[in-house]
There are 2 protein chains.
Amino acid sequence: MGSTATRSSGRRQRSATALAPVPPTRFDQRLKEILAHATDVFCQKGYEGASMRDLSRASGMSLAGLYYYFESKERLLFLIQKHTFSTIVRRLKARLEGVDDAEERVRIFILNHLEYFLANQQAMKVLSHEAEALKNGFASELAAIKREYYRICVGLLDDLKRERELQFSTRIAVLSLFGMMNWIYTWHNPRVDADAEAIAREMGDIFLQGVMTGGRGRGR
Amino acid sequence: MGSTATRSSGRRQRSATALAPVPPTRFDQRLKEILAHATDVFCQKGYEGASMRDLSRASGMSLAGLYYYFESKERLLFLIQKHTFSTIVRRLKARLEGVDDAEERVRIFILNHLEYFLANQQAMKVLSHEAEALKNGFASELAAIKREYYRICVGLLDDLKRERELQFSTRIAVLSLFGMMNWIYTWHNPRVDADAEAIAREMGDIFLQGVMTGGRGRGR
DNA sequence: ACTCTGTTCGAACGAACGTTCGAATTATTC
DNA sequence: GAATAATTCGAACGTTCGTTCGAACAGAGT
């Protein structure tokens, strides 16, 4: 009776050989709804500032009822962050497939990031802003995804550097780019600002021309 | 007896005509120490995650004793953020004085920001990361400083735009620049990364060449 | 009708939270 | 050294926190 809350991940592993998509159970469905409501609350009040009673109110389920779907508040945050981050990485890989031009690949990276960011602004804010909230096991599993995403971007920029014989610090460039993009959750206003495509073009222009102009002599 | 905690700001206003610097009282001195310790704790655990008992332990003062120096946890955060932000704006103004070249002025802005950021990394993280933690009166007073700082940067970029006849969205450019710079608190490692001057040069190169190359046709 | 499994909830747990109060202690002034 | 003011503290306030427990409810299969 006590272990029902971990049922979901266990259930999904039935028949590891079958490639057919597993139909979402009622349990998975309801969990998804709760995650969505929790994302809103975490976004508004922050992880520490949001109480389980806030989540209960937002999702229309009793306080105790929530614990049927996950075993702790921390695991709930983990599920949100992991799903969000995994999705953005998966979409990026799909979009990069078949594109060879180095500059175009960087532009795809930027567009993918910003499009997902603005389409899922709340989840992405929770991912960006609560990056330090998880501990130990949860933290390290998420750090692994983060590192993979970071390495992909480093690869794209190194390719560009080689192709155009540029010289700049990849580390500073990548982290500057992440900063430009992730900071958007602090200022983007859908009633004032352009859509993701336009912003991606403008940021892409600034970043790429910044990195591609000047050629040798800078950085190391 | 109950109003002693507001003594400091009241005391400072004696003889508004005198320009001589007011010698820091014992009260001001001790408050400053507490603010420094509180900055460390807020930086490590976040504003919501840090308890008054954590602050008590860190500053070596009893829980009740803290309330002699400020009337609430929120006001404590406000004092930290206001002092940090005011200082960076004051220093910027002093550094910009006498410099006419538009590009140089932008570079001074970047250098000032990053130098202060890395020299006071904990305070700047608290300023960046806890930007939404304050409510109502506290929030609006801080928003005023923030707006002034933002407007200064907009002015610098508009000057550059006019001088070089460039075309780009000032808003996107300014906010991208802030993103590049403020994100640094998530990744900077003093044992791995260069000092503020070198990073400021690299970020300045990326940003300025990004904004200055291409000329007309982009943005609006 | 009965059982079994999956789902929901009211009530409560102990711990920790921000804040207050009056007394005790320390520094300053005469 | 007595009197006054500034500073510190132990103890407690009422509230809210994350989590647990056992009972109640629903639906499907027999």
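Residue numbering restarts at 1 for every chain, and letters A, B, ... go by the order of the sequence lines.
Using a 4.0 Å cut-off, some side-chain N or O of B/Y67 falls inside it from OP1 or OP2 of C/dT19. Under 4.0 angstrom from either OP1 or OP2 of D/dT8 there lies at least one side-chain N or O belonging to B/R30. Look at A/Y68 and you'll find a side-chain N or O under 4.0 angstrom from OP1 or OP2 of C/dT7.
Between the P atom of D/dT19 and the CD atom of A/E74 lies a distance of 9 Å, rounded to the nearest Å. Per the geometry, CG belonging to B/L63 stands 10 Å off P belonging to C/dT19, to the nearest Å. Taking atom CG on B/L76 and atom P on C/dG18, their separation rounds to 11 Å, with Å as the unit. In this structure, B/L66 atom CG and D/dT7 atom P are separated by 14 Å, rounded to whole Å.
Applying a 4.0 Å cut-off to non-hydrogen atoms, the residues of residues 39-62 of chain A that approach DNA chain D are A/A50, A/S51, A/M52, A/R53, listed by residue number.
A distance-only check finds no donor-acceptor pair linking the side chain of A/S86 to the backbone of A/H83 [under 3.5 Å]. Side chain of B/R105 to backbone of B/V99: a donor-acceptor contact under 3.5 angstrom is found.
For A/F207, the ring pair (Phe, Tyr, Trp, His ring centres under 6.0 Å) criterion is met by no residue, not counting sequence neighbours. Take A/Q44 and apply the side-chain contact (heavy atoms from CB on, under 4.5 Å) test, not counting sequence neighbours, and it matches no residue. Judged as a ring pair (Phe, Tyr, Trp, His ring centres under 6.0 Å), and not counting sequence neighbours, A/H37 has no contacts. Residues that satisfy the salt bridge (Lys or Arg N to Asp or Glu O under 4.0 Å) test with A/E130, not counting sequence neighbours, are absent from this structure. In terms of the side-chain contact (heavy atoms from CB on, under 4.5 Å) criterion, residue partners of B/S176 (sequence neighbours excluded) are, by chain and number, A/M180, A/M203, B/I172. Under the salt bridge (Lys or Arg N to Asp or Glu O under 4.0 Å) criterion, B/D195 pairs with no residue, sequence neighbours left out.
Note on residues 41-63 of chain B: pairs passing salt bridge (Lys or Arg N to Asp or Glu O under 4.0 Å), not counting sequence neighbours, are B/K45-B/D54, B/D54-B/R57.
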List, with names and distances, any nitrogen or oxygen atoms from the protein found under 3.5 Å away from nitrogen or oxygen atoms belonging to nucleotides 28-30 of chain C.
none

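Checked against D/dT7, C/dT8, C/dT7, the side chain of A/F27 finds its nearest nucleotide in C/dT7. Side-chain atoms of B/A64 lie closest to D/dG10 of the nucleotides C/dA11, D/dG10, C/dT7.
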